[in-house]
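A quick write-up on the structure given underneath.
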There are 2 protein chains.
Amino acid sequence: MVKKLTKTPGSALRLRVHLDAEAFLGPGKADLLEGIAATGSIAAGGRRLGMSYKRAWLLVETLNGYFAEPLVTAATGGKAGGGAQLTRLGQEVLARYRAMLAASEAACAKDIAALRKLRAKKTR
Amino acid sequence: MVKKLTKTPGSALRLRVHLDAEAFLGPGKADLLEGIAATGSIAAGGRRLGMSYKRAWLLVETLNGYFAEPLVTAATGGKAGGGAQLTRLGQEVLARYRAMLAASEAACAKDIAALRKLRAKKTR
DNA sequence: TGCCGTTATAGTTTTTGAAACATAACGGAG
DNA sequence: CTCCGTTATGTTTCAAAAACTATAACGGCA
């Protein structure tokens, strides 16, 4: 199997933010938003996370359904076949998720270090 | 269906702490540890989370395997049929997880509120 | 007009995780 | 010496998630 990027590589934390019962935001959606912003396409953004286009597209649809306005807008055809971008709202949501993750990591750093130390011997 | 406790009821955050590639601690294991501490048994602790004994026991086994010393000790037979308790290590791990969750919630509160506000209209 | 990469969907299959079911043993109490 | 609730495990079933496959349409461009 080809090596695929692990989601949110450097982080020891996985954060899932529940907006309410049926809307939540986790690493998968956040990373995808980031990928779309970086590549300008749903397909390419998903590819570098090792996910199929269908899965990526489904996540985008879900995300867009969460809010009154879409987070991602897309167009078909054209020079590059089409493309997608984050709306202002999409950028804000992504930025806030990143901010929360960073803040949480900072807040948990010392406990994580302590736990890892406790586990030390049993690296197996 | 009978109403079952939702995991970590009041929280908008779900935190999964990765000690390394094959060891991580999320809401399920943490809540179970708490249940065991509160009830004195794996079975009862799991029941109130709506999980089968087998699942609860499996989680305990996994947890115990993470560290050099067990987090939970259990005994069979006896007055109440048996029972289980958290070791000192188990208590510490649980306390640290709770601390991390609380710290993260505090750190994320304002972003979560902002996101919820953005979502406002679309309560569906 | 035909090509290309992408968006947009539908349908099917495969994989995986959870649940359900089934037993055995333990040990104090009645 | 039987009963009870629990620990401890194996096996089987089922459902949900993810992966895979298949199309169609779009719109610049050569």
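For clarity, every value in this text was computed on a predicted model and none was experimentally measured. Each chain gets a letter, A, B and so on, in the order the sequences are listed, and its residues count up from 1.
Atom CZ of B:Arg119 sits about 11.5 Å away from atom CG of A:Leu25, to the nearest 0.5 Å.
Near-neighbour residues of DNA chain C inside residues 40-47 of chain B, defined by a heavy atom below 4.0 Å, are absent.
Between C:dA8 and A:Trp57, a contact under 4.0 Å exists linking OP1 or OP2 to a side-chain N or O.
At whole-Å resolution of the value, CD in A:Gln85 and P in C:dT7 are 11 Å apart. The CG-C1' distance, from A:Leu63 to C:dA8, rounds to 17 Å in whole Å. Computed from coordinates, the B:Leu58 CG to C:dA19 P distance equals 12 Å when rounded to whole Å. The distance between atom CZ of B:Arg55 and atom P of D:dT9, rounded to the nearest whole Å, is 18 Å. In this structure, A:Met51 atom CE and D:dA17 atom P are separated by 16 Å, rounded to whole Å.
With contacts defined as side-chain heavy-atom distances shorter than 4.5 Å, the pair B:Leu89/B:Phe67 qualifies.
Side-chain proximity of B:Tyr53 to the nucleotides D:dT9, C:dA8, C:dA18 is greatest for D:dT9.
Here the side chain of A:Ser41 pairs no donor or acceptor atom with the backbone of A:Gly83 at under 3.5 angstrom. Put simply, the side chain of A:Thr87 gets close to the backbone of A:Pro70: a donor and an acceptor are under 3.5 Å apart. A donor-acceptor pair under 3.5 Å is formed between the side chain of B:Arg116 and the backbone N or O of A:His18.
The one candidate from B:Leu59, B:Asp31, B:Leu58 that meets the side chain to side chain contact (heavy atoms under 4.5 Å, CB included) condition with B:Met51 is B:Leu59. With B:Leu71 as reference, B:Asn64 is the one residue of B:Val60, B:Ile36, B:Asn64 to meet the side chain to side chain contact (heavy atoms under 4.5 Å, CB included) rule.
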- At under 4.0 Å between heavy atoms, which parts of nucleotides 21-30 of chain D does protein reach? Answer with one letter per nucleotide, 5' to 3': B base, S sugar-phosphate only, - none. -----BBS--
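Judged by the 6.0 Å and 45° rule, A:Lys29 forms no cation-pi pair with A:Tyr66.
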